[in-house]
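What follows is a single structure, written as structure tokens, with notes after it.
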Amino acid sequence: MAESKRTKIKALLTGEQVDVNVRVKGWVRTKRGNKNVSFIALNDGSCLANLQIVADPNNISEDILKRITTGACISAEGQLVASQGAGQKVELNAETIEVLGEADPETYPLQPKRHSLEFLREIAHLRPRSNTFGAIMRVRHAMIFAVHKFFHDKGFVNVHTPIITGSDAEGAGEMFRVTTMDLANPPKDEEGNIDFKQDFFGKETNLTVSGQLEAELGAMALGEVYTFGPTFRAENSNTTRHLAEFWMIEPEVAFADLEDNMDLAEEFLKFLAKYALDNCREDLEFLKERALQEEKNLPADKKNELNLIERLEFVANNDFQRLTYTEAIDILKNSKPNKKGRFQYKIEEWGADLQSEHERFLVEKHFKKPVILTDYPAKIKAFYMRLNEDEKTVAAMDILFPGIGEIVGGSQREERYEVLVEKVKAMGIPEEHVWWYLDTRKFGTAPHAGFGLGFERLILFVTGMTNIRDVIPFPRTPGTAEF
RNA sequence: UCCCGAGUAGCUCAGUUGGUUAGAGCAUCUGACUGUUAAUCAGAGGGUCGUUGGUUCGAGCCCAACCUCGGGAGCCA
């Protein structure tokens, strides 16, 4: 007789059917019971909840039962019935169980107990089997899908910008060199310098730090495009919100100004929050409870005023606070912490770069909502941002979220050839490196705008996690590239 | 990279002014229990106290360097 097909646990727990014969396959979370009956909590990753499997020693041999331990993988077949116990609606009365893969309980590191996130990071190959990471990974997937859905429904074209780049003008940070040269004995030119002409691409190449410049090329033909790809920064950043390898979403829109750009970014973030609420309820409820548990021991002023679900609802339903850099400086200058010297960096005058303590004050204390800051001083922003009429500020915008800081950074782009060339020169960027970028301003230029959203920072917000290393399967940080 | 903190059993932690044989809970193993919900109850096994060096009659504890991890800052998304 052919083996019956596997049914996913999610379908069994959400469906109405009982008293049917089904087969499930998954990983054992716990087994408990006595001589007369065993209860196996089985998880197959399709949802957070486990399916309870009831194993009667009359049907399942002692030898099989002995091999069913925490972490083992089994296939079980039997009758799905209404549960006699209180903890679940349905359970599976096992008629046959096959052990697909044993897990030695003496050495299997995951136990049916609470583990620290630090420990789970050390066993990143097994941590998706924990409730927390299962939930995070399902939410992460839902957000990946929602990003594509949002832009697709609006008629944006997804562009795959290069991962290996020969452009060193992106200016977004330190880069990882890509080479096939023998590091111990690299080819040299007559002057004794390393001769990149002999390298694989015939020039110096690096991993991309941004797809923006190439995305702009797309926007100047397709109108509305977005990228969603891996991004690499070789900065020696050791924080809870930086990774050396992360994923970034960069829409770029022709005929859009800063206002359109803010509208798009705000609509996008609201859509994502709502999508999570509508599609990840079970996982979000679990993550909410988890966060409340974590916060229990924190002092009152460090606790979130709203829980995870409430924060997502807040973002989905409330307009972001928009203000200019100049207005923000005024607020900060006259703020209590500034006057009382509580800021490490006192705000004295217009032109200063905002520190994270200032951003946090605006978002978490003053407005208590997401904030969009616009029109920063030109000299603290990138060369491609459009110069405003005051010739002091640029049409930039940063979206700041509570607990996370900058989640979006964007701008209207400088579309005027002469102004852009001037800025390229002023920043010391060799024109021959960006000739193709300048060409778009030479041939049929158009006003346009775009922004970048750090995907993992979004996932931090949506899951309520606080360390970025816990929202990506295999985090890359300085000194760590395990797995 | 800078500042602060932490490394003790598989995990989470305690360990007094430096003093005999380093503890607990959970996990694991064995036994008990007729339906459990992180099952419960009884017992057992399990340690190079991050590494190296120093101070001392004596170091888990004091000192130094290094390693690893965490938090904060900078840089940024």
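The figures that follow rest on heavy atoms only: side chains count, while hydrogens, waters and symmetry mates do not.
Closest contact between the side chain of A:E118 and the listed nucleotides B:U36, B:G70, B:G10 involves B:G70. When each of B:A73, B:C75, B:G35 is scored by its nearest atom to the side-chain atoms of A:V54, the top-ranked nucleotide is B:G35. When distances run from any side-chain atom of A:F119 to the nucleotides B:U12, B:A73, B:U36, the shortest one goes to B:U12. Considering only side-chain atoms of A:F39, the nucleotide from B:G35, B:C69, B:U12 that sits closest is B:G35.
Using Watson-Crick or G-U wobble geometry with both donor-acceptor distances under 3.5 Å, B:G25 finds its partner in B:C11. Using the Watson-Crick or G-U wobble rule with both distances under 3.5 Å, B:U68 pairs with B:A6. Figure legend. B:U56 is base-paired to no nucleotide; pairs are counted as Watson-Crick or G-U wobble with both atom distances under 3.5 Å. For B:U36, there is no paired base (Watson-Crick or G-U wobble, both distances below 3.5 Å).
Whole-Å rounding puts the A:H358 NE2 to B:C76 P distance at 15 Å.
The residue A:E122 sits apart from the nucleic acid: no heavy atom pair falls under 4.0 Å. At the heavy-atom level, A:T30 lies under 4.0 Å from the strands shown only through sugar-phosphate atoms. No contact: A:T107 has no heavy atom under 4.0 Å from any strand. Within 4.0 Å (heavy atoms only), A:A41 reaches no atom of the nucleic acid at all.
Using atom C1' as the reference point in both B:G19 and B:A24, the two lie 23 Å apart (nearest Å). Distance noted for atom C1' between B:U68 and B:U51: 10 Å (whole Å).
Screening residues 361-380 of chain A for salt bridge (Lys or Arg N to Asp or Glu O under 4.0 Å), with sequence neighbours left out, gives A:E305-A:K368. A ring-ring contact (aromatic ring centres under 6.0 Å, His included) check over residues 51-96 of chain A, counting only residues at least two apart or in different chains, returns nothing.
Under the 30°/60° scheme for interplanar angles, the aromatic rings of A:F176 and A:F232 are found to stand perpendicular.
Annotation: cation-pi geometry not satisfied between A:K423 and A:F383 (NZ/CZ under 6.0 angstrom from ring centroid, within 45° of ring axis).
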